[in-house]
Amino acid sequence: MAKFLAELLGCTLPEKGASPMFECRSQPHIGLRHVTKQRPTIFGTLIEKPLGDHNADKMPQTPPFPVMYGSTNGYNKNLYKAKEEDYEGLYYHDNNLISGSLEALIEHLVPTVAYYPDRTYIFTFLLSSRLFLHPYELMSKVCHLCVDQQRLSDPQADKARVKKIAPKILQLLTEWTETFPYDFRDERMMKSLKELTHRLSTGEDLYRKAVQQMTQTLIRKLTTLSQYEEALAKINSSVTDRLTVLKTKPQSIQRDILTICNDPFTLAQQLTHIELERLSYIGPEEFVQAFVQKDPLDNDKNCFSDHKKASNLEAYVEWFNRLSYLVATEICMPVKKKHRARVIEFFIDVARECFNIGNFNSLMAIITGMNMSPVSRLKKTWAKVKTAKFDILEHQMDPSSNFYNYRTALRGATQRSITAHSSREKIVIPFFSLLIKDIYFLNEGCANRLPNGHVNFEKFWELAKQVTEFMTWKKVECPFDRDRKILQYLLTAPVFSEDALYLASYESEGPENNMEKDRWKSLRSSLLNRT
């Protein structure tokens with residue numbers, strides 16, 4: 001994890017000739033073409049997510065994020081209008097919760113007969129609490145408070161009181177299981193959940209049905225996640241170095257991207273399918289867990305050591321790397337200069353279509369691949385390319401002034417998404433590494449605790465605001481038809497390693513100086529030894 005973060009946070013848009021981004025390791029108009037929406041077909045490696053249950057007697061569910069939080073400019077920090085004196089250990093300013101002791105914040109999460117926490121508070125606290133204690137520890141405390149305060153363990157408990165509190169506790173658990181389902185991969189979480197829901201559902205048919213439905217929905221989500229992880233593992237195991245393929249399969253009969261798809265818009269659509277599918281599996285908690293530090297008030301215990309805690313986030317970054325290398329491979333592989341120039345122009349058109357769709361992550365990956373040194377050194381090839389469109393795209397993604405141009409374009413896409421009437425207009429796929437860096441520096445720039453030991457909740461409102469925007473984007477359903485053949489190629493076609501890219505580049509356009517000549521000789525010698 002430490003290496004992953006170091007590589008990620010060191011990234012920037014490379015100039016021509018630089019190493020790949022994650023290696024070694026006025027508002028613009030966002031155009032869209034009309035596309036008829038059809039239900040996507042199932043592709044072997046892209047998992048179809050289960051549909052929700054719409055039974056009439058279903059417990060109320062957490063509303064969609066745009067409804068729950070409104071626009072990002074109107075993020076609700078006003079809580080239940082609770083008076084400060086009602087909650088010892090919590091500090092408010094202008095009716096906004098600013099800080100509090102961890103125990104008081106936990107107590108504020110637990111419903112009572114007369115109180116249910118604001119949903120923005122639920123999300124914010126469940127997201128940030130893992131910086132201080134493990135989710136299973138929080139669940140244990142919540143269960144204890146529910147049982148203790150409402151006397152649920154008392155066989156003589158007032159049934160009328162239980163009927164009033166049970167729906168609220170079930171609603172809290174439903175919001176937790178729906179928004180942070182990955183927390184429940186921990187057997188300790190499931191055990192606590194089962195024990196509490198058993199107390200609530202005893203003797204009441206309605207509550208039993210609600211508990212059963214909540215549990216079934218959670219299990220479906222976790223099963224789908226496992227299938228997705230298995231599919232990713234299968235994809236990764238099938239990908240090999242293209243140089244190895246070249247030894248046994250002549251270059252003349254190898255497939256390339258133009259033989260698979262020669263329409264830039266279609267390829268941009270398929271890239272968007274992959275982006276949205278992978279985004280959808282990133283849990284909001286992964287943004288916090290990726291940067292979790294030791295809590296000084298918790299005996300220097302790190303809440304998370306399991307590599308899987310941010311595995312979907314890492315898998316998404318690995319996809320960015322793969323796409324960058326695939327672009328570079330497709331450009332360096334052709335023997336003829338004319339063919340290489342045609343591939344470059346094709347990817348420029350794909351990148352432009354990605355921009356129009358709102359798929360900024362694929363756009364940046366393509367630009368990164370084209371700016372890798374083995375590609376940028378092909379001066380004779382680039383001389384045949386009409387680069388005006390590429391220059392415009394590079395300008396849009398220029399890192400100067402903290403990516404001002406990109407952030408302006410992102411705001412334009414976000415505004416379009418808010419007012420959209422169709423799924424295709426809702427698509428916003430951010431340049432992911434920059435999103436992570438923004439969250440990282442917000443986390444690093446403010447202390448988790450104040451000098452008095454209170455949790456700095458004002459910081460976590462801002463953290464939740466950024467993650468909430470991501471949650472809105474990742475819930476968009478891709479409106480484009482899937483093309484299984486193109487998707488399979490994008491996900492599994494072998495790509496050159498960095499050394500193989502340099503070798504192919506030197507073979508296409510010979511070394512220009514002694515340093516390049518020495519590297520070429522070394523690479524050729526290494527290839528002979530491998531064969």
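Quick caveat: nothing in here was measured; it's all calculated off a predicted structure.
Salt-bridge check for Arg342 with Asp256: failed, with every basic side-chain N at 4.0 Å or more from each acidic carboxylate O.
Residues meeting the salt bridge (charged side-chain N to carboxylate O under 4.0 Å, His left out) test with Lys379, sequence neighbours left out: Glu512. Taking the ring pair (Phe, Tyr, Trp, His ring centres under 6.0 Å) definition, one finds that Phe346 meets it with nothing, sequence neighbours left out. Scanning for ring pair (Phe, Tyr, Trp, His ring centres under 6.0 Å) contacts around Phe347 gives an empty result, with sequence neighbours left out.
Side-chain atoms of Gln269 do not come within 3.5 Å of backbone N or O of Asp481 as any donor-acceptor pair. Side chain of Ser417 to backbone of Lys426: a donor-acceptor contact under 3.5 angstrom is found. Glu345 contributes a side-chain N or O that, together with a main-chain N or O of Lys386, makes up a donor-acceptor pair within less than 3.5 Å. Side-chain atoms of Asp349 never come within 3.5 Å of backbone atoms of Pro264 as a donor-acceptor pair (strictly under, hydrogens ignored). Counting only distance, with no hydrogens or angles, the side chain of Thr381 and the backbone of Ala341 share no donor-acceptor pair below 3.5 Å. With Thr272 contributing its side chain and Ala268 its backbone, the two residues share a donor-acceptor pair below 3.5 Å. At least one donor-acceptor pair under 3.5 Å links the side chain of Asn456 to the backbone N or O of Ala447.
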(message) Working note: Phe496 + Tyr502, criterion ring-ring contact (aromatic ring centres under 6.0 Å, His included); need CA distance, chi angles, decisive distance, verdict.
(response) CA-CA 9 Å; Phe496 283 145; Tyr502 272 108; over 10 Å; no

(message) For Asn443 and Lys459: C-alpha separation, side-chain torsions, deciding distance, then whether side chain to side chain contact (heavy atoms under 4.5 Å, CB included) applies.
(response) CA-CA 8 Å; Asn443 185 52; Lys459 166 185 174 176; 3.0 Å; yes

(message) side chain to side chain contact (heavy atoms under 4.5 Å, CB included), that's the test. Do Glu314 and Glu286 meet it? Break it down for me.
(response) CA-CA 9 Å; Glu314 290 190 48; Glu286 293 192 47; over 6 Å; no

(message) Assess the residue pair Phe123 and Glu175 against the criterion (side chain to side chain contact (heavy atoms under 4.5 Å, CB included)); give the C-alpha distance rounded to whole Å, side-chain angles, the decisive distance to 0.1 Å, and a yes or no.
(response) CA-CA 8 Å; Phe123 177 76; Glu175 297 206 32; over 6 Å; no

(request) Could you walk me through whether Phe460 and Phe125 pass ring-ring contact (aromatic ring centres under 6.0 Å, His included), step by step? (result) CA-CA 8 Å; Phe460 296 124; Phe125 185 68; 9.0 Å; no

(request) Dump the intermediate steps for side chain to side chain contact (heavy atoms under 4.5 Å, CB included) on Leu138 and His134, then the final yes or no. (result) CA-CA 6 Å; Leu138 176 60; His134 198 287; over 6 Å; no

(request) In sequence, state the C-alpha distance, the side-chain angles, and the governing distance for Arg185 and Glu229, and then conclude on salt bridge (Lys or Arg N to Asp or Glu O under 4.0 Å). (result) CA-CA 13 Å; Arg185 299 183 90 178; Glu229 290 175 342; 2.9 Å; yes

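The two atoms that bring Asn402 and Arg407 nearest to each other are O-NE, 2.8 Å, heavy atoms only. Minimum interatomic distance between Leu232 and Arg278 (heavy atoms only, all atoms of both residues): CD2-NH2, 3.2 Å. Heavy atoms only, all atoms of each residue included: Pro374 and Ser505 are closest at O-OG, 2.7 Å. Nearest heavy atom pair, residue Arg322 against residue Leu490, reads NE-O, 2.8 Å. For the pair Cys332 and Leu378, the tightest heavy-atom approach, listed with the atom from each and the gap, is SG-CD1, 4.4 Å.
A distance of 6.0 Å or more separates the ring centres of Tyr440 and Phe287. Taking the six-membered ring for Trp, Phe432 and Tyr316 have ring centres closer than 6.0 Å. A centroid separation of less than 6.0 Å is found between the aromatic rings of Trp382 and Phe390. Aromatic rings of Tyr325 and Phe320 (six-membered ring for Trp) have centroids beyond the 6.0 Å cut-off, not under it.
Between Phe360 and Leu434, every side-chain heavy-atom pair lies at or beyond the 4.5 Å cut-off. Within the 4.5 Å cutoff, side-chain heavy atoms of Arg130 are placed close to those of Asp183. Two residues are said to be in side-chain contact when any heavy atoms from C-beta on lie closer than 4.5 Å; Ile122 and Thr120 fail this criterion.
The salt bridge (Lys or Arg N to Asp or Glu O under 4.0 Å) test with Glu509 singles out one residue from Arg377, Lys336, Arg340, and that residue is Arg340.
Donor-acceptor pairing under 3.5 Å is lacking for the side chains of Asp438 and Gln466.
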